[in-house]
Amino acid sequence: MPEPPEPPGPPHPPPPDRAALLERWCTLLPRARDGRPGPDPRPYGENLLDRWAEPQRHYHTTTHLRDVLDRVDTLADHAADPDAVRLAAWFHDAVYRPDRSENEERSAQLAERALTEAGVPAARVAGTARLVRLTTDHDPEPGDTDGETLCDADLAVLAGSPEAYAHYAAAVRQEYGFVPDEAFREGRAAVLHRLLALPRLFRTPYGREHWERTARHNLRGELDLLSV
């Protein structure tokens, strides 16, 4: 008797509208300096969107970028400089190679180069790069409201519905397809244990109220599945 077919996986969310994302980018960059027209922001945005669409990405895609930007909008009242947080969201995984460990640092360096060239004030460039580097461990200092906003927006995927979380976990596994199953399970379990050991996953009041409980439930569920 033939085996029953595998149940379908969670549906893939539709890709975001590239033109709409580009418009969101353009609102963040200065259009003039010293009374003169500034650099056209569109080529910088196009370059970033090309990076977010690279073929090695399955989770760290333009969909993730859009989702983080949407969550930053939700949390914007908590941030001291919401536009710096939005810029950091654009750059936080702009350099992404799953077989490398220095992605956040290289993304921060890209932000420093590109934003300086694009005419962004030096203080905001430095603040944006600092925020990108924070996504290495998602552990902002108390009172760092910009860091709290970005880190919560990035981690909010952990609080998705069961279907959305399953899609997220499967996409992460795809990105690490070059890692053997046993090694992936060990490494992924270590990440989940580290997250669950944190006193709080989310630092903003909104994140604690709306995402903390569901995220911990999802993390424990994935850890159980990895143990089977």
Side-chain angles (χ1 to χ4, degrees), residues 4-14 56-61 63-75 78 85 88-89 92-93 96-101 103-104 131-142 144-145 147-228:
E6 289 286 329
H12 289 254
Q56 77 276 13
R57 298 168 181 260
H58 300 277
Y59 168 61
H60 295 89
T61 63
T63 298
H64 173 59
L65 170 61
R66 179 198 59 194
D67 290 346
V68 173
L69 289 169
D70 287 348
R71 294 170 192 140
V72 170
D73 288 347
T74 297
L75 301 172
H78 185 75
V85 180
H92 80 286
D93 285 317
Y96 183 72
R97 287 282 302 274
D99 58 338
R100 303 282 180 87
S101 61
N103 291 313
E104 291 84 4
L131 291 170
V132 172
R133 291 183 172 101
L134 268 182
T135 61
T136 304
D137 56 12
H138 297 89
D139 190 21
E141 293 291 327
D144 178 5
T145 57
E148 291 171 346
T149 300
L150 178 63
C151 290
D152 278 19
D154 195 25
L155 291 180
V157 65
L158 303 178
S161 68
E163 294 78 13
Y165 189 87
H167 176 73
Y168 152 72
V172 170
R173 181 64 184 107
Q174 281 184 281
E175 288 187 340
Y176 287 89
F178 58 91
V179 178
D181 285 344
E182 186 60 31
F184 178 81
R185 282 195 295 269
E186 289 180 6
R188 182 66 179 169
V191 170
L192 300 178
H193 279 299
R194 179 180 63 79
L195 289 170
L196 285 168
L198 294 172
R200 292 197 307 264
L201 290 166
F202 299 99
R203 311 298 179 88
T204 65
Y206 185 97
R208 291 196 298 271
E209 179 181 353
H210 294 276
W211 297 332
E212 183 82 22
R213 183 175 179 180
T214 302
R216 287 187 177 276
H217 174 80
N218 285 335
L219 290 171
R220 287 191 291 266
E222 185 183 357
L223 195 54
D224 289 344
L225 288 174
L226 290 173
S227 303
V228 173

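Since the structure is predicted, the reported quantities are computational estimates derived from the model, not experimental observations.
- Scored by the ring pair (Phe, Tyr, Trp, His ring centres under 6.0 Å) test, His210 finds Tyr206 as partners (sequence neighbours excluded).
- Here the closest heavy-atom approach between residue Ala215 and residue Phe202 is recorded as CB-CE1, 3.7 Å.
- With a 4.5 Å cut-off on side-chain heavy atoms, Leu158 and Leu195 count as touching.
- A donor-acceptor pair under 3.5 Å links the side-chain atoms of Thr135 to the main chain of Val132, judged by distance alone.
- Although no hydrogens or angles enter the test, the distance criterion places a donor-acceptor pair under 3.5 Å between the side chain of Asp152 and the main chain of Thr204.
- Between Glu175 and Arg57 there is a side-chain heavy-atom pair separated by less than 4.5 Å.
- Without hydrogens or angle criteria, Glu212 side chain to Leu201 main chain gives a donor-acceptor distance under 3.5 Å.
- Atom CZ of Arg208 sits in a crowded spot, with more than 12 heavy atoms from other residues, nucleotides or ligands closer than 6.0 Å.
- For the residue pair His64/Asp154, the side-chain donor-acceptor check at 3.5 Å is satisfied.
- Atom CG of Leu150 and atom OG1 of Thr145 lie 11.5 Å apart (nearest 0.5 Å).
- Between Leu219 and Tyr165, the shortest heavy-atom contact is CD2-OH, 3.5 Å.
- Between Asp139 and the choices Arg194, Arg203, Arg133, Arg200, the salt bridge (charged side-chain N to carboxylate O under 4.0 Å, His left out) rule is met once, by Arg203.
- Using a distance-only test at 3.5 Å, with no hydrogens or angles considered, no donor-acceptor pair links the side chain of Gln174 to the main chain of Tyr59.
- Side chain of Glu148 to main chain of Pro140: no donor-acceptor pair is present (N/O by atom type, distance under 3.5 Å, no hydrogens or angles).
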Do any side-chain atoms of residues 178-192 form donor-acceptor pairs under 3.5 angstrom with protein atoms, and if so which ones, sequence neighbours left out?
residue	atom	partner	partner atom	Å
Asp181	OD1	Arg173	NH2	2.7
Glu182	OE1	Arg185	NH2	2.6
Arg188	NE	Glu222	OE2	2.8
Arg188	NH2	Tyr168	OH	3.1
Arg188	NH2	Glu222	OE1	3.1

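- With contacts defined as side-chain heavy-atom distances shorter than 4.5 Å, the pair Leu196/Leu223 qualifies.
- Residues Leu134 and Gly147 share a closest heavy-atom pair of CD1-CA, 3.6 Å.
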